[in-house]
Structures are given as C-alpha cells and as structure tokens.
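Residue numbers start from 1 in every chain, and the chains themselves are labelled A, B, ... in the order their sequence lines are given, proteins ahead of strands. All values below come from the heavy atoms of this structure, side chains included, with hydrogens, waters and symmetry mates left out.
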Protein chains: 2
Amino acid sequence: MLSKSSTYAIRAVLFLSLNSDDEKKFNPKSIAEIIDIPAPFLAKTLQELTKRNIISSRKGRNGGFYLTDADRLNTMISIVAAIDGLEKFQGCSLGLPVCDSENPCPIHHLVAPLRNKLVGELTNKTIASFTKEIKEGHTHLF
Amino acid sequence: MLSKSSTYAIRAVLFLSLNSDDEKKFNPKSIAEIIDIPAPFLAKTLQELTKRNIISSRKGRNGGFYLTDADRLNTMISIVAAIDGLEKFQGCSLGLPVCDSENPCPIHHLVAPLRNKLVGELTNKTIASFTKEIKEGHTHLF
DNA sequence: AAGTAAAAAGATAATAATATCTTTTTATAT
DNA sequence: ATATAAAAAGATATTATTATCTTTTTACTT
C-alpha cells in the first residue's frame, strides 16, 4: 500500500508537527533515534520533503528540520506524493491496459472504491488534523 | 497493493479457468503470449500454484496447466497468499510495533476497514465466481 | 572574520523483487 | 522400450527499493 519510505516520512512529519516549531528544530539523527527508523535514509526523505515545501529546514548552527503552521496545512497525500508518487493509486490494479468503470477488470469494482476512499481521505485531511488526533489521545505514534 | 507476481498469477488463473480443463491444457509460454506477461516468470508462478494445489498440471507429452472444477472452488485470496503471502495485509500500515483498534496509529482507522474489506471479499469469492463475472461480460481480462 | 554545527548532496552498498535462461525429471504416445 | 513434449527445478541477470557513508555547502554564533 505505502512504501517504507512513505511510512517513515509520515511518522517523521507527524513527530515534527507535534514537537517542533520555528524555535525548536530537530536534526535527522535525533528524529531517527526517537521514532526508531534508519537515520541516513530519513535524512534523504526529509530533504525531499523540504525541497517540495512540505516541511521547513534551516542550515547551519542551531539548524534542523521543523514545521511551521503553514506547513501543517499541507495534506497527508502530499507527503505520499512527494516520496512514492501517486502512480500506484492510478491505473488498473491488475495491470490491464484498458480498465475503468465501463470496462472493468475482475477486481476493479473491488479495489477502485477502496483506493479512492484512501486517496480521498488523505487528500482532504491536513497534517494539522492528524496532529490534533494524536494530541487528543485518539491515535499514537509510538 | 498486489505485487506484479500476484497480478500475473490472478490473470493466468482466470485465463485457465475460462479456457482450460482436464482435456485442454496450456503450457506457460502460450499463456504468457496470450495474456502478455513474461513467460519464464509465469512458469515459476504457475509451479508454485500447482504445488499449493490451487491449479493442476500434468507433466510429459500433452501435458500443461489446467483447472479442474475442484480447483475453481479455491478462493481468490489463496492465489495472493501463495504468491505474496498475507503479511502485508496484517500488522500496522505505518510499521508501528503497537497498533490495533484500541491503540490505533494515525492511519489505522483509515486503512484497516479498507484492507479488511479487500481481504474479506477475496476470501469469500471463488475463482469460479470471478470466472462467471467474466463470462457474463461484466468484467474482462483483455 | 573564523569556527562550527547542521543541512544538502552525492557516492556506494545491501537487499528484495522481477525477469530470463538452462538443465533435469517425468509422463505418455508411439 | 523409446522418443518426446512439457513441467519442474535451479542457476543467473537485471532492476528497484532500502540503507549507509562521505563530502560539500550553508548560515549562524562568537
């Protein structure tokens, strides 16, 4: 469904959303230790997210990765799109050249609604709203 | 969602379900040509399905792969389970060590119902019922 | 202005998934 | 019995994903 890279990205972004701001930044190594994922790999992932303006970073002394309130308005799907791309959510799930609701493959009617639901929710919901869920104790990161 | 191997397997099995029986068998090369997937790769896939008694084969002259009526009663999930395993449909979608409906990760409530629905449908439906859908023109393989 | 801490970039390595090719074994038709 | 056609098994190759390490650039602090 989601690649490891994407799950790492989501976990790191939500961690930063919960714990960082303009004045409290984190370097990739410490994030990696805290959420228990490989550090150099995470660094690349965060760089990509920074390049796409989904999260913020500052170089040099006292620098690090962090989220601004503006960053927190980005959608969850933008994280997945930046890391994995959205191709895997498009096109026929059986790999047929022709497959749509008019000419469905054998699993089209089974997979398409689920996939649309998932992409839809991730498109509608922001990082902020997922963060709120965690803060209120409805979901968790650890 | 499904690996390429699994999609190849599903397409090949449904093709055999539509076109083969005890007296009409297909070798992997001709199946591969017809449904347009890599032949040697398919051979391995079909061998695995045979070993798991999901499809049938006969060696030697006039041999090949085919489906019996009994084979057609296998579930669709058994194909996926044989090729990919079901691990990817279990466990936390974010990779957290603890994640269930009591202690959900941020995307648990989003992904779990969809995943359960997909696995459920593939568990309930047989190869025969998918074949029927194709025969009646409701879905297609090409 | 100089030193430094950290991101950014780039090079390399390991692993897993996908794909191909070759050899061996088997069943059956003749 | 023998030849043969095809599955089965195994060895090899390629590609994509995941992981690690090193160097360079940047900007802040003193």
Side-chain angles (χ1 to χ4, degrees), chain A residues 1-13 16 20 22-33 35-67 71 80 82-85 87-88 94-95, chain B residues 1-13 16 20 22-33 35-67 71 80 82-85 87-88 94-95:
Chain A
M1 191 86 86
L2 301 174
S3 71
K4 275 197 178 183
S5 308
S6 273
T7 65
Y8 291 166
I10 290 173
R11 287 164 66 186
V13 168
L16 286 174
S20 79
D22 202 2
E23 302 188 335
K24 184 159 191 208
K25 310 186 188 71
F26 289 84
N27 63 43
K29 202 181 159 197
S30 64
I31 301 172
E33 272 170 21
I35 65 178
D36 192 28
I37 64 180
F41 197 64
L42 176 62
K44 279 204 141 183
T45 304
L46 294 180
Q47 283 163 26
E48 186 63 34
L49 294 175
T50 304
K51 202 188 294 175
R52 304 240 188 177
N53 294 314
I54 296 166
I55 67 175
S56 302
S57 74
R58 181 172 291 168
K59 296 176 195 174
R61 192 161 184 163
N62 292 342
F65 294 96
Y66 63 102
L67 261 72
D71 291 334
V80 178
I83 304 299
D84 285 349
E87 297 77 18
K88 68 194 314 180
L94 274 190
Chain B
M1 194 86 84
L2 300 175
S3 72
K4 276 197 179 181
S5 308
S6 272
T7 64
Y8 292 165
I10 289 173
R11 288 164 64 187
V13 168
L16 286 174
S20 79
D22 201 2
E23 304 188 335
K24 186 161 189 206
K25 311 187 187 70
F26 289 84
N27 63 45
K29 200 179 161 197
S30 65
I31 301 172
E33 271 170 22
I35 66 179
D36 194 28
I37 64 181
F41 196 63
L42 177 61
K44 279 204 140 185
T45 303
L46 294 180
Q47 280 164 28
E48 185 64 33
L49 293 175
T50 304
K51 201 187 298 176
R52 305 240 188 179
N53 295 313
I54 295 166
I55 67 176
S56 302
S57 74
R58 180 173 292 168
K59 297 176 193 173
R61 191 161 186 165
N62 293 341
F65 293 96
Y66 64 102
L67 261 71
D71 292 334
V80 179
I83 304 300
D84 285 349
E87 297 78 17
K88 70 198 306 186
L94 275 190

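- Between Tyr8(B) and the phosphate of dT18(C), there is no side-chain N or O to OP1/OP2 separation shorter than 4.0 Å.
- Tyr66(B) places its OH atom 12 Å from the P atom of dA27(C), with the value rounded to the nearest Å.
- When the nearest nucleotides of DNA chain C are assigned to Asp84(B) and Gly60(B) by heavy-atom distance, the more 5′-ward of the two goes with Asp84(B).
- Between Ile37(A) and Ile31(A) the shortest side-chain heavy-atom distance does not fall below 4.5 Å.
- Phosphate contact (OP1/OP2 of dT29(D), side-chain N/O of Asn62(A), threshold under 4.0 Å): present.
- DNA chain D is contacted by both Leu46(B) and Ser5(A); Leu46(B) maps to the nucleotide lying nearer its 5′ end (nearest heavy atom per residue).
- Computed from coordinates, the Lys29(A) NZ to dA5(C) C1' distance equals 13 Å when rounded to whole Å.
- Contacts between residues 49-58 of chain A and DNA chain D, defined by a heavy-atom separation under 4.0 Å, are made by Arg58(A).
- Rounded to an integer number of Å, the gap from Lys59(B) NZ to dT25(C) P is 11 Å.
- Comparing dA19(D), dC21(C), dT18(C) by their closest approach to the side chain of Pro40(B) singles out dC21(C).
- For Lys88(A), the NZ atom counts as densely surrounded, since its 6.0 Å shell holds more than 12 non-hydrogen atoms of other residues, nucleotides or ligands.
- Asp36(B) places its CG atom 12 Å from the P atom of dA19(C), with the value rounded to the nearest Å.
- Spacing between atom CZ of Phe26(B) and atom P of dA5(D) amounts to 19 Å, rounded to whole angstrom units.
- Nucleotide dT17(D) holds its C1' atom 7 Å from the CZ atom of Phe41(A), rounded to whole Å.
- Under the ring pair (Phe, Tyr, Trp, His ring centres under 6.0 Å) criterion, Phe65(B) pairs with no residue at all, not counting sequence neighbours.
- Look at CD1 on Ile37(A): it is 9 Å from P on dA19(D), rounded to the nearest Å.
- Ion pairing between a basic and an acidic side chain is recognised when a charged N comes within 4.0 Å of a carboxylate O; Lys44(A) and Glu48(A) show no such pairing.
- When the ring pair (Phe, Tyr, Trp, His ring centres under 6.0 Å) test is applied to Phe41(B), the partners found at least two apart in sequence or on another chain are Tyr8(B).
- Taking only side-chain nitrogens and oxygens, Lys4(A) comes nearer than 4.0 Å to OP1 or OP2 of dA19(D).
- Each of Gln47(A) and Leu42(B) lies near DNA chain C, and the nucleotide nearest Gln47(A) is the one positioned closer to the 5' end.
- Summarising the geometry, the separation between CD on Glu48(B) and C1' on dA17(C) is reported as 15 Å, rounded to the nearest angstrom.
- Distance from the side chain of Asn27(B) is smallest to dA6(D) among dA6(D), dA7(C), dT20(D).
- Asp36(B) CG: 12 or fewer foreign heavy atoms inside a 6.0 Å radius.
- The phosphate of dT18(D) (OP1 or OP2) has no side-chain N or O of Lys44(A) nearer than 4.0 angstrom.
- The two residues Asn53(B) and Asp71(B) come nearest to each other via the heavy atoms O-OD1, 4.1 Å.
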